[in-house]
Amino acid sequence: MWVEPGLHMDPFILSLALKACGLALSVSFGESLHGYSVKTDFINSVFVGSALMDMYMKIGKVEEGCIVFNEMPLRNVVSWTAIIAGLVRAGYNNEALAYFSDMWIQKVGCDSYTFASALKACADSCALNYGREIHCQTLKKGFIEVPFVANTLATMYNKCGKLDYGLRLFESMTKKDVVSWTTIIMSNVQTGQEGNAVKAFRRMRETDVSPNEFTFAAVISGCATLGRIEWGEQLHAHVLRLGLVDSLSVANSIMAMYSKCSHLDLASTVFQGLSRRDIISWSTMIAGKTEQKPLVDQLIKRDFMQKLLEMILVSAHSRDT
DNA sequence: AAGCTTGAGG
């Protein structure tokens, strides 16, 4: 790394630079900072070591991240949480829980961030018993009061099929934030209880917590299944007012809603107005058009397939470079 | 100084 003469590098700026590499997914720059850290011994700083490991986890080089972590001379609660969270993000839930157990054995204190990451590992791997143990610990240490810990815990119960526990936890929360409400709405939609999802959304509107793009995506898909196009239209207008249509998850759920309610024309209008489209946008439109029998639409469908193929090729190419 | 939770269709 080139440093302006007269300025000197320190662990603070180096860990910030590493964080930037992680955010920008800049592999080559990150690797040269790694080399620089080794040469200058800055790597022995717990801040630099943690940032370097986190950078590797964020750019998808999980093995390198683990190597950096295992070679760190000094680790603290942030280093441990970052490796656990990184493994969970990459889908290595069992490995993440193994690190969490190690951390426990080595008597490194856990905080709310650590519990949230470990609980997500349990949620994603349906490790209900381990999740229950962690639930006890969060109660003991008072972290259940931290909204994002309670939210992750509720998600863990919902994903493990224990919706009653998730619901009870949600109701007991004194501070329900946007994620708490969205989680309860989503869980209801995913388990075929769309009516309850809409009820929860209405309850939410009576609080001072504002819905975000996740909330709208969930409740709109609930309305789609219920066939309540009039509610869907109201939500569409709402989303337009808030400027949330730029979010693809919202736009896709609106298209799916119109499509399911037999208004393919409206779905098409939304689709045409999108400045960018992802695989869900395309497959939603294809699924909608496939429902229709006339030959003309089959031709349109073929056109869509062609474009879809092009898009897949483009994305495969950009992954290579 | 840093690490955390909600995700769409078939």
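Each chain gets a letter, A, B and so on, in the order the sequences are listed, and its residues count up from 1.
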Specify the residues of residues 72-86 of chain A, ordered by number, for which at least one heavy atom lies under 4.0 angstrom from an atom of DNA chain B. A:Asn76, A:Val77, A:Val78, A:Thr81, A:Ala85
Taking the six-membered ring of A:Tyr165, is NZ or CZ of A:Arg132 closer than 6.0 Å to its centre and within 45° of its axis? yes
Report whether A:Val68 and A:Met57 are members of the same hydrophobic cluster (ILVMFWY, side-chain heavy atoms less than 4.5 Å apart, transitive linking). yes
Would you please test A:Lys176 and A:Thr207 for side-chain contact (heavy atoms from CB on, under 4.5 Å) and show each step? CA-CA 9 Å; A:Lys176 299 180 180 68; A:Thr207 70; over 6 Å; no
Quick one: which protein N/O atoms are closer than 3.5 Å to N/O atoms of nucleotides 7-10 of chain B? Pair and distance per line, please.
{"unit_1": "B:dA8", "atom_1": "OP1", "unit_2": "A:Gln190", "atom_2": "NE2", "d": "3.2"}

Answer yes or no: does atom CD of A:Glu230 have more than 12 heavy-atom neighbours from other residues, nucleotides or ligands under 6.0 Å? yes
How would you label the contact of A:Ser15 with the nucleic acid (heavy atoms, under 4.0 Å): base, sugar-phosphate, or nothing? base
In a check of side chain to side chain contact (heavy atoms under 4.5 Å, CB included) between A:Asn252 and each of A:Ile280, A:Val270, A:Ile220, which one passes? A:Ile280
A:Phe69: what forms a ring-ring contact (aromatic ring centres under 6.0 Å, His included) with it, not counting sequence neighbours? A:Trp80, A:Tyr99
Tell me what A:Asp177 touches on the nucleic acid: a base, only sugar-phosphate, or nothing, going by heavy atoms under 4.0 Å. nothing
Would you please name every residue forming a salt bridge (charged side-chain N to carboxylate O under 4.0 Å, His left out) with A:Arg203, sequence neighbours left out? A:Glu171
Positions of residues 130-148 of chain A (non-hydrogen atom under 4.0 Å from DNA chain B), listed by number: A:Phe148
Face-to-face stacking of A:Phe12 with B:dA1, centres under 5.5 angstrom, angle under 30°: no
Ignoring backbone atoms, test whether A:Arg89 places a side-chain nitrogen or oxygen under 4.0 Å from the OP1 or OP2 oxygen of B:dC4. yes
Report which part of the nucleic acid A:Thr114 touches: base, sugar-phosphate, or nothing (heavy-atom distance under 4.0 Å, all strands). base
With a 4.0 Å cut-off on heavy atoms, is A:Thr182 in touch with a base, just the backbone sugar-phosphate, or nothing at all? base
Quick one: which residue pairs count as a ring pair (Phe, Tyr, Trp, His ring centres under 6.0 Å) with a foot in residues 232-256 of chain A, not counting sequence neighbours? A:Phe216-A:His238, A:His236-A:Tyr258
